[in-house]
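Worksheet: one structure, shown below.
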Amino acid sequence: MRITLPQLARISRSVRWIAFGAVFLFCFVAFATGVVASERPGLGDGPWIAWIYYAGSLFVFGGVDLGVPTGGSAVGRGPVCLRDTLAPRSPPKPPQGALA
């Protein structure tokens, strides 16, 4: 079976949407089960719309650093660690005064 370029593009797009959905779901469920991010301590107690915002911001804004997952169960923290691995990240900024 030979795969053409348009078919490959369609498969690639599908895989990206599946990955996005999985990471988004991991993040949302983790917040719902009580996992808190060290950089956003009140996030676990916040409204569900905040969970959606931060779960989506991992992709839309080039990767928001939410910090280390704390609180909640180990089952909830596991997907958050996976989220940190799978979500795209923007390159780190050079220190202030460093030559670029």
Side-chain angles (χ1 to χ4, degrees):
M1 181 173 140
R2 190 172 179 150
I3 298 176
T4 64
L5 194 56
Q7 289 173 328
L8 187 61
R10 192 171 41 249
I11 291 168
S12 175
R13 200 173 316 120
S14 298
V15 168
R16 282 188 231 154
W17 277 109
I18 290 169
F20 169 79
V23 172
F24 185 89
L25 186 65
F26 288 160
C27 190
F28 187 83
V29 169
F31 291 147
T33 59
V35 176
V36 180
S38 63
E39 297 294 319
R40 309 287 191 276
L43 186 58
D45 298 329
W48 60 269
I49 196 78
W51 303 341
I52 291 173
Y53 172 78
Y54 282 107
S57 68
L58 292 169
F59 296 93
V60 177
F61 303 122
V64 173
D65 185 15
L66 295 178
V68 179
T70 59
S73 67
V75 173
R77 284 190 310 266
V80 176
C81 291
L82 185 61
R83 170 213 73 196
D84 290 338
T85 305
L86 295 177
R89 294 275 183 236
S90 56
K93 295 179 181 164
Q96 199 81 10
L99 297 175

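Bear in mind the structure is a predicted one, so any value in this text is a computation, not a measurement.
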*If you look at every heavy atom in F28 and W48, which pair is closest and at what distance?*
CE1-O, 3.8 Å

*Report whether F31 and Y53 are members of the same hydrophobic cluster (ILVMFWY, side-chain heavy atoms less than 4.5 Å apart, transitive linking).*
yes

*Cluster overlap W17 with V15, hydrophobic side-chain contacts below 4.5 Å*: no

*List the atom of R2, the atom of Q7, and the distance in Å for their closest heavy-atom pair.*
O-OE1, 3.8 Å

_Cluster check W51, F24: I/L/V/M/F/W/Y, side chain < 4.5 angstrom_ = yes

